[in-house]
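Here is the naming used below: chain letters follow the sequence lines, and residue numbers restart at 1 for every chain. These numbers come from a predicted model, not from an experiment.
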Amino acid sequence: MSVRVRFAPSPTGHLHIGTARTALFNWLFARKEKGTFILRIEDTDLERSKKEFEVSILDDLRWLGLDWDEFYRQSDRLSIYREIAEKLLSEGKAYECFCTKEELEKLRGKGYDRRCLKLSEAEKETLRKERKPAIRLYVPKDGETRFNDYLHGELCFQNNVIDDFVILKSDGTPTYNFSVVVDDIDMRITHIIRGEDHISNTPKQIHIYNALGIETPIFIHIPMILGQDKAKLSKRHGATSIGEYRSMGYLSEAMVNFLALMGASYNDKQVLSLEELVEIFSLENLSKNPAIFDIKKLDFLSQEHIRRKSIEALTQLTIQFLKEKRLEHWTIDKSYLTRVLSILQTRIKTLKDVIIMGDYFFTEEFSRDVEIPIEEKKRLNYILPELVDALNKVDDWNATNLENKTRTFIAEKMLDSRWFLQSLRIIISGKKVTPSLFETLEVLGKEKTIDRIKKGMD
RNA sequence: GCCCCCAUCGUCUAGAGGCCUAGGACACGGCCCUUUCAAGGCCGAGACAGGGAUUCGAAUUCCCUUGGGGGCACCA
């Protein structure tokens, strides 16, 4: 039997880091096993589901490189859930519940007391005229529910901790636990890979499988991703959606690599492409400990993946990124951009670093992280005009010639080269860290270089 | 409150009774290279939560404690 897995996000927000990792593991497993990866939008919560979030989630999945073989939307399948719920109702495995919100509120924490199970046919008939009933599954109070989880082994829940939960709401839409099971059966899902927060839903779902007389798939509950404070990763930990990281200029390869590394291991190898991950992925690689989100590791991976890009590919990605940041005017001279990137490539962690660390290549409005102290400026004002003269005489403007010329100048004037070169760096870039100074000057060009040195003298 | 899950360096993890004086990666520290900041190279520090039990032998098995996390909706 071939593997069929699904990723089932609800469109109530943007694609979250943890959710994305669940998608990734499902996808990797499907691709590795030559199976089918199904994308199912769980939009039965009419209140909170938004089309724009669905669009955003699909977009982020594509960005990550996760494609799907089949696509479903639960809102298109409402009649199916109703039909199955009716079936369970007619078989006596489920019953109608006429309780109001207020009545249920009083039962909070105590569990549902089955008051509607005791209703007579006549009473139900009267109530039906007043309001639409919800449908609850009848869950036996005695015994226990056991199931096997691939990572956690045999898990056991006492049935008396499970309520007769609602499967169909009074508005005719299914609840999560119900639609999931109906769909997983209908879509012939073989392995359910999902977050550990669903472990406690599983016994409920198993009761539905049992009521329907269907065998359960294999469950694999993967650990959560936590914030630095070890609490479930949430908004207060900062950026938690894939889109935010994309906007920060992380490469999708880095994101995928990072997600795959959290809660799993692959023979000590760390930097891996999506293709390599498919190759080595196995359920046995999964860990059962929760993982803390560590952005330092993401930074490292992003840097590594940037280094692995060809200069052409990196240029393309940067053009795209700068467009998104409304800096397309930086990309007009593509060959210049490529030259800038060729010397920046080994020292940027994200595409955004092109803007942060390399703005001086593109604009005179570049940021100044450091300023030269006044006393030093006085000394420089004295020296710089002569340097300008010297540089003006450089005809073939390349790093080697520039270095020779400058070092000769330093020697003649008996300057401290560390001090002088660093001052020069600050004058032309406003930064204390740049690529090799002479390469930087070469790329920047004669005109801009001399212009900035002159400006630096005022 | 009830139910459930988890527990190795700061972080991600390797480890399925002797290969463990516990391995790797990130981060961190130091040194080297360099009459430029970086980058790069080399080296280093750093963990089996605690207590019992089983065993000739336990990071690895079992129990308890502690700690952390998750779930208990006509949300998903």
Heavy-atom distance under 4.5 Å between the side chains of A/Phe165 and A/Asn177, does that happen here? yes
Whole Å only: how far is the CG atom of A/Asn257 from the C1' atom of B/rC26? 12 Å
Would you indicate what A/Ser417 reaches in the nucleic acid, counting non-hydrogen atoms under 4.0 angstrom: base, sugar-phosphate, or nothing? base
A/Val161, nearest nucleotide to its side chain (from B/rC3, B/rC5, B/rU13): B/rC3
Could you tell me the separation between the CG atom of A/Asn160 and the C1' atom of B/rC4, rounded to a whole number of Å? 14 Å
So, are A/Lys446 and A/Asp451 salt-bridged, with charged N and O less than 4.0 Å apart? no
Sticking with atom P, work out how far B/rG15 lies from B/rU35, rounded to a whole angstrom. 47 Å
Answer yes when A/Glu42 and A/Arg40 have at least one side-chain N-carboxylate O distance shorter than 4.0 Å, and no when they do not. yes
State whether A/Arg339 and A/Glu442 are salt-bridged, where the test is any N-O pair (Lys NZ or Arg NE/NH1/NH2 against Asp/Glu carboxylate O) under 4.0 Å. no
Ionic contact status for A/Asp43 with A/Arg48, cut-off 4.0 Å: no
For A/Lys232 and B/rG69, is the shortest distance between a side-chain N/O and OP1 or OP2 below 4.0 Å? no
Do A/Lys118 and A/Glu123 sit within salt-bridge range, that is, some charged N less than 4.0 Å from a carboxylate O? no
Gap between atoms CD1 and C1', on A/Ile292 and B/rG67 respectively (whole Å): 13 Å
With rounding to whole Å, what would you report as the distance between B/rA7 and B/rU13 at their C1' atoms? 14 Å
Nearest-nucleotide pick for A/Asp294, side chain only, options being B/rA7, B/rG68, B/rG10: B/rG10
Counterpart base for B/rC42, defined by Watson-Crick or G-U wobble contacts under 3.5 Å: B/rG30
Remember a base hit wins even if backbone is also touched, and classify A/Gln270 as base, sugar-phosphate or nothing at under 4.0 Å, heavy atoms. base
Any carboxylate oxygen within less than 4.0 angstrom of a Lys/Arg side-chain nitrogen, looking at A/Glu376 and A/Arg379? no
Same-atom distance (C1') from B/rA38 to B/rA49, integer angstrom: 41 Å
A/Lys87 with A/Glu83: basic N within carboxylate O range, under 4.0 Å: no
Between the protein and nucleotides 74-76 of chain B, which nitrogen or oxygen pairs are less than 3.5 angstrom apart?
residue	atom	partner	partner atom	Å
B/rC74	O2	A/Ser170	N	2.7
B/rC74	O2	A/Ser170	OG	2.9
B/rC74	N3	A/Ser170	OG	3.1
B/rC74	N4	A/Cys99	O	2.6
B/rC75	OP2	A/Lys169	NZ	2.9
B/rC75	O2'	A/Asp45	OD2	2.5
B/rC75	O2'	A/Arg48	NH2	3.1
B/rC75	O2	A/Arg48	NH2	3.1
B/rA76	OP1	A/Thr44	OG1	3.0
B/rA76	OP1	A/Lys169	NZ	2.8
B/rA76	OP2	A/Tyr176	N	3.0
B/rA76	O3'	A/Glu42	O	3.2
B/rA76	O2'	A/Ser10	OG	3.0
B/rA76	N6	A/Asn201	OD1	3.3
B/rA76	N6	A/Asn201	ND2	3.4
B/rA76	N1	A/Asn201	ND2	3.4

Is there a Watson-Crick or G-U wobble partner for B/rC19 with both distances under 3.5 Å, and if so, which one is it? none
Do the side chains of A/Glu403 and A/Lys405 get close enough for a salt bridge, i.e. N-O under 4.0 angstrom? no
B/rG23 to B/rC43 separation - P atoms, rounded to the nearest Å: 15 Å
Pick base, sugar-phosphate or nothing for A/Phe258, based on heavy-atom distances below 4.0 Å to the nucleic acid. nothing
Nucleotide forming a Watson-Crick or wobble pair with B/rA7, both distances under 3.5 Å: B/rU66
Between B/rA47 and B/rC12, how many Å separate the two C1' atoms, rounded to a whole number? 13 Å
Answer yes or no: side-chain N or O of A/Lys297 and base N or O of B/rA27 forming a donor-acceptor pair under 3.5 Å. no
Would A/Arg136 and A/Tyr112 count as a cation-pi pair here, with the cationic atom under 6.0 angstrom from the ring centre and within 45° of the axis? yes
Closer than 4.0 angstrom, basic N to acidic O: yes or no for A/Asp197 and A/Lys232? yes
Between CD1 of A/Ile225 and P of B/rG69 the distance, given in whole Å, is 16 Å
Between B/rA25, B/rC5, B/rC12, spot the one nearest the side chain of A/Phe300, thanks. B/rA25
Tell me what A/Gly195 touches on the nucleic acid: a base, only sugar-phosphate, or nothing, going by heavy atoms under 4.0 Å. nothing
Regarding A/Lys288, tell me which of base, sugar-phosphate or nothing describes its non-hydrogen contacts under 4.0 Å with the strands shown. sugar-phosphate
To the nearest angstrom, the CZ-P distance between A/Phe293 and B/rU11 comes to 16 Å
Could you check which nucleotide pairs with B/rC2 in any of the strands shown, counting Watson-Crick or G-U wobble with both distances under 3.5 Å? B/rG71
Distance check: side-chain N/O of A/Ser265 vs OP1/OP2 of B/rA14, anything under 4.0 Å? yes
Whole angstrom is fine here: how far is it from NE2 in A/His237 over to P in B/rU11? 14 Å
Please list, pair by pair, any protein nitrogen or oxygen found under 3.5 Å from a nitrogen or oxygen in nucleotides 39-43 of chain B.
residue	atom	partner	partner atom	Å
B/rA39	O3'	A/Arg307	NH2	3.3
B/rG40	OP1	A/Arg307	NH1	3.2
B/rG40	OP1	A/Arg307	NH2	3.4

Return no unless some side-chain N or O of A/Asn289 is found under 4.0 Å from OP1 or OP2 of B/rA7. yes
Distance check: side-chain N/O of A/Arg418 vs OP1/OP2 of B/rC37, anything under 4.0 Å? yes
Measure from CE on A/Met262 to C1' on B/rC26 and round the result to the nearest Å. 13 Å
NZ or CZ of A/Lys32 within 45° of A/Phe281 ring axis and under 6.0 Å: no
In whole angstrom, give the distance that lies between atom CD of A/Glu284 and atom P of B/rU13. 17 Å
A/Pro223 or A/Thr434: which one's nearest nucleotide on RNA chain B is closer to the 5' end? A/Pro223
Which whole number of Å gives the distance between the C1' atom of B/rG46 and that of B/rC62? 31 Å
Classify the nucleic acid contact of A/Lys432 as base, sugar-phosphate or nothing, counting any heavy atom under 4.0 Å across all strands shown. base
Identify the nucleotide, in any strand shown, that forms a Watson-Crick or G-U wobble pair with B/rG57, with both distances under 3.5 Å; if there is none, say none. none
For B/rU61 versus B/rC5, give the span between their P atoms, rounded off to a whole number of Å. 16 Å
Looking at A/Asp229 and A/Arg236, is any side-chain nitrogen of the basic one under 4.0 Å from a carboxylate oxygen of the acidic one? yes
Minimum-distance nucleotide (side-chain atoms of A/Lys296 versus B/rA27, B/rG24, B/rU13): B/rA27
Heavy atoms under 4.0 Å, any strand shown: does A/Leu261 hit a base, just sugar-phosphate, or nothing? sugar-phosphate
For the P atoms, the ones on B/rG40 and on B/rC48, what distance do you get once it is rounded to whole angstrom? 31 Å
